[in-house]
Amino acid sequence: MGEMPHCWAALHCSGSGMRYKLLQEGDIQVCVVKHPRTFLSKLLTSKFLRRWEPHHLTLTDSGLASATPTGYMESALSYSTIEDVQLLSWDNAPKYCVQLSFPGGTVLLQAANSYLRDQWFHSLQWKKKIFKYRKTLSNPSRWDVVLKEIRALVDMALTSPLQDESIHQAPLHIISTLLAEVRDAIAPLLENNHPPPGLCEFFCKHCRERPRSMVVIEVFTPVVQRILKHNMDFGKCPRLRLFTQEYILALNELNAGMEVVKKFVHSMHGPTGQCPHPRVLPNLVAVCLAAIYSCYEDFINSRDNSPSLKEIRNGCQQQNDRKPPMPLRLLRPEPPPMPASLLPTPTLSPPPTLPLSPPPPSIVNSSEILVELERNNTANALRRGPAGGDSEPNLIDCLLVSPALNTLSIQLPAQADRVLGCFALILKMLSDYDDWRPALASLLQPIPFPKEELKYVIQRFAEDPRQEVHSCLLSVRSGKDGWFQLYSPGGVACDDDGELFASMVHILMGSCYKTKKFLLSLAENKLGPCMLLALRGNQTMVEILCLMLEYNIIENKDTQLQIISTLESTQVGLRMYEQLCDRQRELKELQRKGGPTRLTLPSKSTDADLARLLSSGSFGNLENLSLAFTNVTSACAEQLIKLPSLKQLNLWSTQFGDTGLRLLSEHLACLQVLNLCETPVTDAGLLALSSMKSLCSLNMNSTKLSADTYEDLKAKLPNLKEVDVRYTEAW
């Protein structure tokens, strides 16, 4: 039988379907024959070839070494000296041998059986080739050669009969080392420039396939930090956003998971109480919301079978190229309506009018996300964006929620759920930074996302005493629900019997919203929830109902009696209602005709002094009150609004501010003269004066009045004759 060609032997072994574990070490018989090549065949078939040595060989990264370096294996055999590795298959040759050729001789390795022989053969081949590629790619000379060698290396890893984790890891390590050198070369450029789209795609792929690579930490971290600090518009380069998303997901794959992500977010904010980079927060929010949107992308596009973003990016827009719509299983939910897990926003379009007997809701089996089945063809048309580009359908248009409309529930795949959890937790982290919370509150107003993560964020807004934060809980526009409406009892997001809603009311009432306008809104839209919570003993809601009675918000007598019955049903309500009755009796006495028409409080008088004075008798005739140079604040507005005949009010050089000004504007419609000289009022409070149509004299000297607000007041106050705006911006 003649010589079996080496290539045929390798194909035979691979084609047989056999798989072998990569050998790192093992026992084997060794024989070394030093000879000229012309005598090789004769020597190998000679009967006098009988001297074999047992060795325990180790296949290192650089060569073949024996645990007992004596005899044939006194010196290690480097892979660089091995010219060829073959299966020995001549007639009369020793059985189960692998032949290693080196200059001037041959090493024969004899295994115990054919399987071990083949395992040694493939392992030696692999080690030798990896050694060669590592050496070649460590000193690349030409880029075309590098690419050719990399392709060959990858092809070898994919076609090898060896079955071991290191078979794929070794090539990746070699390529990663090469990339590290490229990284060091381009690092100075990436410090001051964003990576181009092609490089972003490569970075994204590396993050997905090797999230635990040191390249992610060492190379990508400064790049992502620069993107978040300096990017002005992800719409112009969406791949920067995708790369940032993949980087964060790669961090989440590390052993510490979200702790690493948390440290990264903290590094972006900085150690001080104020983040020095204004673009970090909006960029992080944009990345999070885009990632959250992507979790629902397949479902959204399946609803009308329009092309998905992935299909648009890949140029696959034909009907037969797209996946069929997601199959839905219809169920009938039990009343009461299931609370929505995905919340809408104040900017959502109003729901279409429903027939008197709506059809039963359609539900897909899930416990996580509720989505409205839209019936508006216009909304569907708007949802279909132009085919092409990186513009995404609006999540709000795609995932509307309304408790009155049919709802559709979906369950996310496990991977999408992990992505959703990661970025929703980042939003929670962002809400823990005091300096970021105001901007975050405004950014999240039009955004729906899962309720558990959302509830924590909204609770943070409701606990923040700053007006610019908790004011975002209210509707942005008239007729558009805000978080305040959504979390009220009976709202689509309420799952805690109104506890979060009560917290919102408490913070809003404690701020500058203790006004008729706010109370009127509650009476018109949320009177039922307020009475329900008051019936359960919630002190904030009891106070709300008492204020509605005190300010005559409720005109219907039956409703007034129902509120009184609600207050009297609990101890706290009964106590506060009795206090209200006492105040009303005092108010009647205060407003009874009689008393002085002019009154001036001594300098340094306080809010308590004013309250004590007004409770001492009747002031129904009081028309002119001077509090100039006293220590009164906005708190005294509670007393001032009780004066029915007041026409002239002097607050010169007091601490009366915007909150009090808003309250006056709603209750003292007959006020004609108002002196606010040297008070801390700003545009926010001065704009409220536009409702006081009787004003004919207004002193705003030395206040924070702006020119725009002054023009607005002049246009809305037709009777205004005397105005003092000296030492203001409008002067």
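With a 4.5 Å cut-off on side-chain heavy atoms, R212 and L254 count as touching. E638 places a side-chain heavy atom less than 4.5 Å from the side chain of L663. The side-chain heavy atoms of V224 and F243, taken from C-beta on, include a pair separated by under 4.5 Å. S267 has its side chain within reach of Q225: a pair of non-hydrogen atoms, C-beta onward, lies under 4.5 Å apart. With a 4.5 Å cut-off on side-chain heavy atoms, L242 and C200 do not count as touching. Side-chain atoms of Q459 and L500, non-hydrogen and from C-beta on, do get closer than 4.5 Å to each other. T728 places a side-chain heavy atom less than 4.5 Å from the side chain of T703. Side-chain atoms of M258 and N252, non-hydrogen and from C-beta on, do get closer than 4.5 Å to each other.
Applying the side chain to side chain donor-acceptor pair (under 3.5 Å) test to Y433 and every residue at least two apart in sequence or in another chain returns H266.
Looking at R208, K205, H206, R241 one by one, the single match for side chain to side chain donor-acceptor pair (under 3.5 Å) with E246 turns out to be R208. Results of the side-chain contact (heavy atoms from CB on, under 4.5 Å) test with L676 over N701, L705, L686, N699 single out L686 as the only residue that passes.
Between the side chain of S634 and the main chain of G657, a donor-acceptor pair closer than 3.5 Å is present. S702 places no side-chain N or O within donor-acceptor distance of the main-chain N or O of E678, the cut-off being under 3.5 Å. Proximity of a side-chain donor or acceptor of S521 to a complementary backbone N or O of K517 within less than 3.5 Å is not detected. Listed for the H470 side chain is a donor-acceptor partner under 3.5 Å among the backbone atoms of R466. Of the possible polar contacts, one joining the D435 side chain to the C275 backbone as a donor-acceptor pair under 3.5 Å is found. Looking at T630, its side chain does come within 3.5 Å of a backbone N or O of L627 through a donor-acceptor pair.
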Report task. Test side chain to side chain donor-acceptor pair (under 3.5 Å) on D658 and T682 and set out the steps. Result -> CA-CA 7 Å; D658 294 336; T682 67; 2.5 Å; yes

Requested in this report: Under the side-chain contact (heavy atoms from CB on, under 4.5 Å) rule, what do V419 and L249 come out as? Steps first, then yes or no, please.
Outcome: CA-CA 7 Å; V419 173; L249 290 174; 4.1 Å; yes

Report task. Give the C-alpha distance, both sets of side-chain angles, the deciding distance and a yes or no for salt bridge (charged side-chain N to carboxylate O under 4.0 Å, His left out) between D496 and K455. Result -> CA-CA 10 Å; D496 58 2; K455 191 170 182 179; 3.1 Å; yes

Report task. Let me see the working for N538 and V505 under side-chain contact (heavy atoms from CB on, under 4.5 Å), right down to the final yes or no. Result -> CA-CA 11 Å; N538 185 280; V505 174; over 6 Å; no

Requested in this report: Could you go through the salt bridge (charged side-chain N to carboxylate O under 4.0 Å, His left out) check for E259 and K262 one step at a time?
Outcome: CA-CA 5 Å; E259 282 300 316; K262 186 175 182 179; 5.0 Å; no

Query raised in the report: Run the side-chain contact (heavy atoms from CB on, under 4.5 Å) check on L508 and F484 step by step: do they pass?
Result: CA-CA 10 Å; L508 292 172; F484 182 73; 4.0 Å; yes

Requested in this report: Could you go through the salt bridge (charged side-chain N to carboxylate O under 4.0 Å, His left out) check for D432 and R460 one step at a time?
Outcome: CA-CA 7 Å; D432 287 331; R460 297 291 294 176; 3.4 Å; yes

Report task. Determine, stepwise, if the pair K716 / D712 fulfils salt bridge (charged side-chain N to carboxylate O under 4.0 Å, His left out). Result -> CA-CA 6 Å; K716 294 180 178 179; D712 186 74; 3.5 Å; yes

Requested in this report: Given side-chain contact (heavy atoms from CB on, under 4.5 Å), test N255 with V260 step by step and report yes or no.
Outcome: CA-CA 9 Å; N255 291 337; V260 181; over 6 Å; no

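Separating the NZ atom in K526 from the CG atom in L533 is a distance of 11.0 Å, to the nearest 0.5 Å. In this structure, CG on L473 lies 10.5 Å from OH on Y487, to the nearest 0.5 angstrom. To the nearest 0.5 angstrom, N675 atom CG is 7.5 Å from L651 atom CG. The structure places CG of L284 at 5.5 Å from CH2 of W436, a figure rounded to the nearest 0.5 Å. Put simply, CD1 on I426 and OG on S431 are 12.0 Å apart, with the number rounded to the nearest 0.5 Å. Atom CD of E463 is separated from atom CE of M504 by 11.0 Å, given to the nearest 0.5 angstrom.
A pairwise comparison of heavy atoms in T654 and P680 identifies O-CD, 3.5 Å as the closest pair. Pairing each heavy atom of S442 with each of C472, the nearest pair is N-SG, 3.8 Å. Minimum interatomic distance between A637 and L664 (heavy atoms only, all atoms of both residues): CB-CD2, 4.3 Å. A pairwise comparison of heavy atoms in D434 and P438 identifies O-CD, 3.3 Å as the closest pair. For A439 against L281, the heavy-atom pair with the smallest separation is CB-CD2, 3.5 Å. Closest approach of P195 and L240 over heavy atoms only: O-CD2, 3.8 Å.
Counted by atom type alone, T633 and D607 present one or more donor-acceptor pairs between their side chains at under 3.5 Å. Under the 3.5 Å distance criterion, with hydrogens and angles disregarded, a donor-acceptor pair is assigned to the side chains of Y247 and T221.
A centroid separation of 6.0 Å or more is found between the aromatic rings of W483 and F461.
Counting heavy-atom neighbours within 6.0 Å of K263 NZ, excluding the residue itself, gives a total of 12 or less.
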For residues 228-238, please give each side-chain donor-acceptor pair under 3.5 Å, one per line with the distance, not counting sequence neighbours.
{"residue": "N231", "atom": "ND2", "partner": "N283", "partner atom": "OD1", "Å": "3.3"}
{"residue": "D233", "atom": "OD1", "partner": "G235", "partner atom": "N", "Å": "2.9"}

